[in-house]
Amino acid sequence: MSFLSETLSRVKPSPTIAMTAKAAELKAAGRDVIGLSAGEPDFDTPQNIKDAAVAAIAAGKTKYTAPDGIPELKQAVCAKMKRDHGLEYTPAQVSVGTGGKQTLYNALMATLNPGDEVVIPAPYWVSYPDMVLLAGGTPVVVETALENKFKLTADQLEAAITPKTKWFIFNSPSNPTGAGYSRDELKALTGVLLRHPHVWVMTDDMYEHLAYDGFEFCTPAQVEPELYERTLTCNGVSKAYAMTGWRIGYAAGPEKLIAAMRKVQSQSTSNPCSVSQWAAVEALNGTQAFLAPNNETFKRRRDLVVSMLSEIEGISCPVPEGAFYVYPSIAGLIGKTTPAGKRIETDEDFAIALLEEADVAVVFGAAFGLSPNFRVSYATSDAALEEACRRIQAFCAALT
Ligand SMILES: Cc1ncc(COP(=O)(O)O)c(C=O)c1O
């Protein structure tokens with residue numbers, strides 16, 4: 001019998017790690033690899049947030065805190081929910097964790113029993129299905145279509161729900177597609193949930209602030225107040241505030257669920273870093289002025305990447321509403337052969353050949369549950385993006 005747990009044997013190691021390791025290996029060998037695989041902004045954390053952290057250290061705010069967050073941060077989350085979405089929460093309905101990832105994980109650990117199903121639209125953020133498996137549940141993956149800009153339809157959600165469904169995980173704007181649901185599109189989904197009172201919605205709003213062309217972000221409990229009692233609204237400071245390394249995420253929802261999540265956290269990691277929590281208070285309460293110029297930059301980069309990739313025969317690249325990713329289809333390139341003689345059967349073959357033969361690192365679609373595609377993160381300089389897209393164009397043009 002294996003010393004390792006059976007639960008762990010059901011969980012896949014991240015397929016992105018293999019690509020990242022390969023890119024690092026080539027870089028170490030002196031190759032000029034351009035990385036378009038990082039899931040984090042290239043901007044620095046704003047100065048006011050750094051200053052708040054320094055002040056917290058100077059004031060000795062360096063001890064254990066309540067396991068799921070300091071009252072000041074919970075209060076800041078309540079104010080943010082009211083300000084941005086018109087949603088009323090009390091601090092007892094808020095949980096703060098070590099990154100958005102921990103709050104999502106806590107919620108699944110706190111609620112799933114063997115046999116419980118969790119509906120996850122694909123392509124999905126890589127961790128959702130494996131977190132469900134770790135928590136003992138069963139992921140029910142529903143593939144979306146490029147023609148529908150990778151958005152789940154009401155009919156698809158309806159068909160995926162069974163008596164065993166416990167959660168529906170919703171992510172808009174999405175990692176990896178950047179797809180953002182309009183109010184009407186979201187309302188169609190919440191309408192389905194209204195007909196199934198046993199299903200809760202876990203909404204991952206991590207990319208809320210990264211949206212372009214006037215896209216109006218909205219979250220399920222806001223568009224359908226009747227779902228308030230069975231919605232967990234998850235968010236964090238990692239992406240919009242360029243704070244990936246600080247590790248602060250949060251969730252707001254029914255008090256009983258939040259208490260259960262606190263129990264999980266209090267017996268695993270205890271409180272998130274005290275200094276980071278004070279930095280997050282400033283992120284949420286302080287100026288939001290840098291968001292607009294950052295978004296201008298991201299939008300410019302999105303447009304550059306979409307237009308350069310769309311020029312390639314065999315690639316189809318919808319324009320996403322937000323986040324900092326695009327998710328082109330390579331359906332038209334499957335079956336072709338690279339200059340080095342490699343046949344492209346899958347999107348993994350494509351991504352590996354692109355890295356080995358053209359020095360561009362992307363993440364293949366199979367990692368996110370929808371193929372044949374690849375994910376480009378455009379959170380890097382305009383010059384690097386332009387050069388990378390030129391290389392992708394040349395690589396694709398040379399396929400036979
Ligand atoms: C959709 C989505 N949710 C959650 C997270 C986790 O964020 P954090 O770094 O705060 O744990 C990420 C990070 O990549 C993400 O893309």
Side-chain angles (χ1 to χ4, degrees), residues 14-17 19-20 35-43 45 49 68-69 73 77 80 95-109 118 120-132 134 139 141 144 150-152 167-181 201-211 217 219-220 232-252 261 265 268-269 272-273 276-277 279-280 283-284 298 320-327 363 367-370 375-380:
S14 165
T16 55
I17 289 177
M19 287 301 293
T20 311
L36 303 181
S37 55
E40 62 184 351
D42 54 324
F43 305 130
T45 306
I49 298 174
D68 63 350
L73 183 48
V77 170
K80 178 253 179 290
S95 181
V96 178
T98 299
K101 196 174 224 172
Q102 191 185 23
T103 51
L104 295 160
Y105 184 69
N106 287 344
L108 294 167
M109 286 299 283
V118 179
I120 303 172
Y124 44 69
W125 178 47
V126 289
S127 294
Y128 299 143
D130 289 297
M131 288 197 297
V132 168
L134 273 175
V141 172
T144 61
F150 304 111
K151 294 179 202 177
L152 190 74
W167 287 104
F168 164 49
I169 299 186
F170 177 72
N171 174 220
S172 163
S174 145
N175 177 5
T177 65
Y181 289 67
V201 58
M202 188 178 295
T203 178
D204 181 352
D205 298 352
M206 186 55 82
Y207 293 92
E208 166 194 358
H209 290 298
L210 306 179
F217 171 85
T219 191
L232 184 69
T233 302
C234 303
N235 208 323
V237 294
S238 295
K239 312 287 174 167
Y241 302 95
M243 291 176 70
T244 44
W246 299 75
R247 311 306 304 130
I248 297 292
Y250 57 84
M261 290 165 63
Q265 189 156 307
S268 51
T269 60
C273 168
S276 295
Q277 290 190 65
L284 295 181
F298 279 137
E321 290 83 2
F324 38 69
Y325 309 106
V326 294
Y327 198 68
V363 185
F368 308 100
L370 192 84
R375 187 191 77 172
V376 166
S377 164
Y378 54 82
T380 191

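Just so you know, ligand 1 is whichever comes first in the structure, and atom 1 is the first atom listed for that ligand. Computed from a prediction, not measured in an experiment: that's the story for all the values here.
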Any N/O of [X] closer than 3.5 Å to an N/O of ligand 1?
X	answer
Thr98	no
Asn175	yes
Gly99	no

Looking at [X], which atoms of ligand 1 are within less than 4.0 Å of one of its heavy atoms?
X	result
Asn171	1 (C)
Ser238	8 (P), 9 (O), 10 (O)
Tyr128	1 (C)

Heavy-atom nearest neighbour in the protein, as seen from atom 14 (O) of ligand 1, with distance rounded to 0.1 Å: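 Answer, as residue, atom name and distance: Lys239 NZ, 2.6 Å.
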
Nearest protein heavy atom with distance in Å, relative to atom 2 (C) of ligand 1: Asp204 OD2, 3.4 Å

Closest non-hydrogen atom pair, Lys80 against Leu284: CG-CD2, 4.4 Å

Phe324-Tyr207 aromatic ring centre distance below 6.0 Å: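 They qualify: ring centres under 6.0 Å apart.
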
Where the side chain of [X] meets the backbone of [Y], is there a donor-acceptor pair that is under 3.5 Å apart?
X	Y	answer
Lys239	Glu208	no
Ser95	Ala251	no
Asn175	Trp125	no

Those residues that, when tested against Thr177, pass side chain to side chain contact (heavy atoms under 4.5 Å, CB included) (two or more places apart):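 Listed in chain order: Pro123, Phe150, Ser174, Ala179, Tyr327.
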
Asn235 side chain reached by Thr233 side chain, heavy atoms, under 4.5 Å: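 No - every pair of side-chain heavy atoms lies 4.5 Å or more apart.
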
Option with minimal heavy-atom separation from atom 7 (O) of ligand 1, where the choices are Met243, Arg247, Met206, Glu40: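 Answer by nearest heavy atom: Met206.
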
